[in-house]
Colleague: 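Just dropping this structure here.
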Amino acid sequence: MSTRRVAGPEIERLIQLLAKLPGLGPRSARRAALHLVQKKDQLLIPLAEAMGVAVDQVGICSECGTVDTSDPCTICSDPRRDASTIVVVEDVSDLWALERASAVSAHYHVLGGTLSPLDGIGPDDLNISKLMERVESGGVNEVILAVNATVEGQTTAHFITDQLARFENVKVTRLAHGVPVGGELDYLDEGTLAQALRARTKF
């Protein structure tokens, strides 16, 4: 039995494209599409214009791998940032999360994923060689591995640490893992609790 169409092919295509976005399933995509077409002047037209500009102007920074409208990007070009520290992240979304926290004013390096032999993702598939070039060019004192606390993330961190071992004057650190601020022990999983105990610090 074929599914009945409730709208023309143009709207159906809009729904199908929206459904490909993270966090949007078919039902959410239909609601979003309906909202957009009902608010054509306020939302749909400005969104289409913004997306057109993004297509024309947004690219990948040749230095760190983030997305921006300039190359080098805004972060790499900022003279107020500490160029001696590079924060390594898996994806651009992780970079944005760290920037929202305003916890560090350093340079970044986006890997573009993690090592995953099962998925056929090796070192050559990630932006690791460029990281080594940046460190080798000098002026870098610390590399902070801000990767996710997953098996793939930790495997990637260990690989990068091994690759950086030849740079004796470069300190390699990683984000602390453990009890989150405001967290209650009863609600944490066993792995988080075990890591928090292993990484305990003097009070």
Side-chain angles (χ1 to χ4, degrees), residues 1-61 64-71 73-75 87-103 108-122 125-127 145-157 175 177-193 195-196:
M1 182 178 177
S2 61
T3 304
R4 289 185 180 179
R5 278 188 171 180
V6 297
E10 297 82 6
I11 296 177
E12 288 293 337
R13 176 160 168 72
L14 176 61
I15 293 169
Q16 290 169 7
L17 291 171
L18 288 172
K20 294 176 185 275
L21 294 174
L24 283 184
R27 186 174 294 178
S28 298
R30 286 190 180 279
R31 283 198 299 268
L34 181 60
H35 191 69
L36 284 169
V37 296
Q38 287 177 333
K39 303 280 186 181
K40 185 176 179 180
D41 292 335
Q42 299 97 323
L43 284 176
L44 188 58
I45 293 174
L47 178 62
E49 291 173 352
M51 292 180 78
V53 171
V55 169
D56 293 336
Q57 299 184 20
V58 173
I60 305 297
C61 176
C64 72
T66 192
V67 293
D68 205 341
T69 53
S70 60
D71 185 14
C73 69
T74 304
I75 291 176
V87 182
V88 178
V89 295
E90 294 178 19
D91 295 301
V92 176
S93 59
D94 300 324
L95 185 158
W96 288 353
L98 289 170
E99 280 296 287
R100 285 196 306 272
S102 301
Y108 288 90
H109 191 83
V110 181
L111 295 174
T114 54
L115 295 174
S116 181
L118 291 176
D119 297 321
I121 301 175
D125 300 308
L126 302 178
N127 194 18
L145 299 176
V147 295
N148 293 318
T150 60
V151 172
E152 294 81 7
Q154 296 311 299
T155 300
T156 306
L175 296 184
H177 299 143
V179 180
V181 175
E184 297 183 29
L185 299 185
D186 189 38
Y187 291 99
L188 300 178
D189 63 274
E190 290 83 358
T192 299
L193 284 171
Q195 177 60 38

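All of these numbers come straight from a predicted model, not from anything done at the bench. Positions are given from 1, in the same order as the sequence printed here.
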Colleague: Can you list everything that forms a side-chain contact (heavy atoms from CB on, under 4.5 Å) with Ala146? Sequence neighbours excluded, please.
Modeller: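 side-chain contact (heavy atoms from CB on, under 4.5 Å) list for Ala146, sorted by chain: Val87, Val89, Leu98, Leu175.
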
Colleague: Which pairs, with at least one residue in residues 92-101 and sequence neighbours excluded, count as a salt bridge (Lys or Arg N to Asp or Glu O under 4.0 Å)?
Modeller: Arg81-Glu99

Colleague: Any idea which heavy atoms bring Cys73 and Cys61 closest together, and the distance?
Modeller: N-SG, 3.4 Å

Colleague: Any side-chain heavy atom of Leu36 within less than 4.5 Å of one from Leu47?
Modeller: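 Leu36 reaches Leu47 side chain to side chain.
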
Colleague: Which residues pass the side-chain contact (heavy atoms from CB on, under 4.5 Å) test with Ala149, not counting sequence neighbours?
Modeller: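 Partners of Ala149 under the side-chain contact (heavy atoms from CB on, under 4.5 Å) test: Gln154, His177.
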
Colleague: Ala157 and Leu145: which non-hydrogen atoms are nearest, and at how many Å?
Modeller: O-CD1, 3.6 Å

Colleague: Taking all atoms of both residues into account, what is the closest heavy-atom pair of Val147 and Gly153, and its distance?
Modeller: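 Val147 and Gly153 have their closest heavy atoms at CG2-O, 3.4 Å.
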
Colleague: I'd like to know whether CD of Glu190 has more than 12 heavy-atom contacts from other residues, nucleotides or ligands below 6.0 angstrom.
Modeller: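 No, the 6.0 Å shell around CD holds no more than 12 heavy atoms from other groups.
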
Colleague: Decide yes or no for Arg30 and Glu12: does some side-chain heavy atom of the first lie under 4.5 Å from some side-chain heavy atom of the second?
Modeller: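 Yes, close enough: below the 4.5 Å cut-off.
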
Colleague: Hey, does the side chain of Asp56 reach the backbone of Val53 with a donor-acceptor pair shorter than 3.5 angstrom?
Modeller: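 Between the backbone of Val53 and the side chain of Asp56 there is no qualifying donor-acceptor contact (under 3.5 Å).
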
Colleague: Taking atom SG of Cys64 and atom CG of Leu95, what is their separation to the nearest 0.5 Å?
Modeller: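 One gets 6.5 Å once the value is rounded to the nearest 0.5 Å.
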
Colleague: Report yes if the side chains of Leu44 and Lys39 come closer than 4.5 Å at any heavy-atom pair, otherwise no.
Modeller: no

Colleague: For Asp91 versus Gly113, what's the shortest heavy-atom pair and its separation?
Modeller: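 The answer is OD1-N, 3.8 Å.
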
Colleague: Taking atom CG of Leu18 and atom CZ of Arg31, what is their separation to the nearest 0.5 Å?
Modeller: 12.5 Å

Colleague: Could you report the tightest heavy-atom contact between Ala19 and Ala29, atom names first, then the distance?
Modeller: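 Looking at all heavy atoms of both residues, the shortest contact is N-CB, 3.5 Å.
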
Colleague: Mind listing the closest non-hydrogen atom pair of Asn148 and Glu90 along with its distance?
Modeller: N-OE2, 2.9 Å

Colleague: Tell me, do Ile121 and Leu126 make a side-chain contact under 4.5 Å, heavy atoms counted?
Modeller: yes

Colleague: Any heavy-atom pair between the side chains of Leu14 and Val37 that's under 4.5 Å?
Modeller: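 Heavy-atom side-chain distance check passes, below 4.5 Å.
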
Colleague: Between Asn127 (side chain) and Gly112 (backbone), is there a donor-acceptor pair under 3.5 Å?
Modeller: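 Answer holds: no.
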
Colleague: Are the side chain of Thr156 and the backbone of Leu115 linked by a donor-acceptor contact shorter than 3.5 Å?
Modeller: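 It does hold such a pair.
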
Colleague: side-chain contact (heavy atoms from CB on, under 4.5 Å) for Thr66 and Ile60? Distances and angles first, verdict last.
Modeller: CA-CA 6 Å; Thr66 192; Ile60 305 297; over 6 Å; no

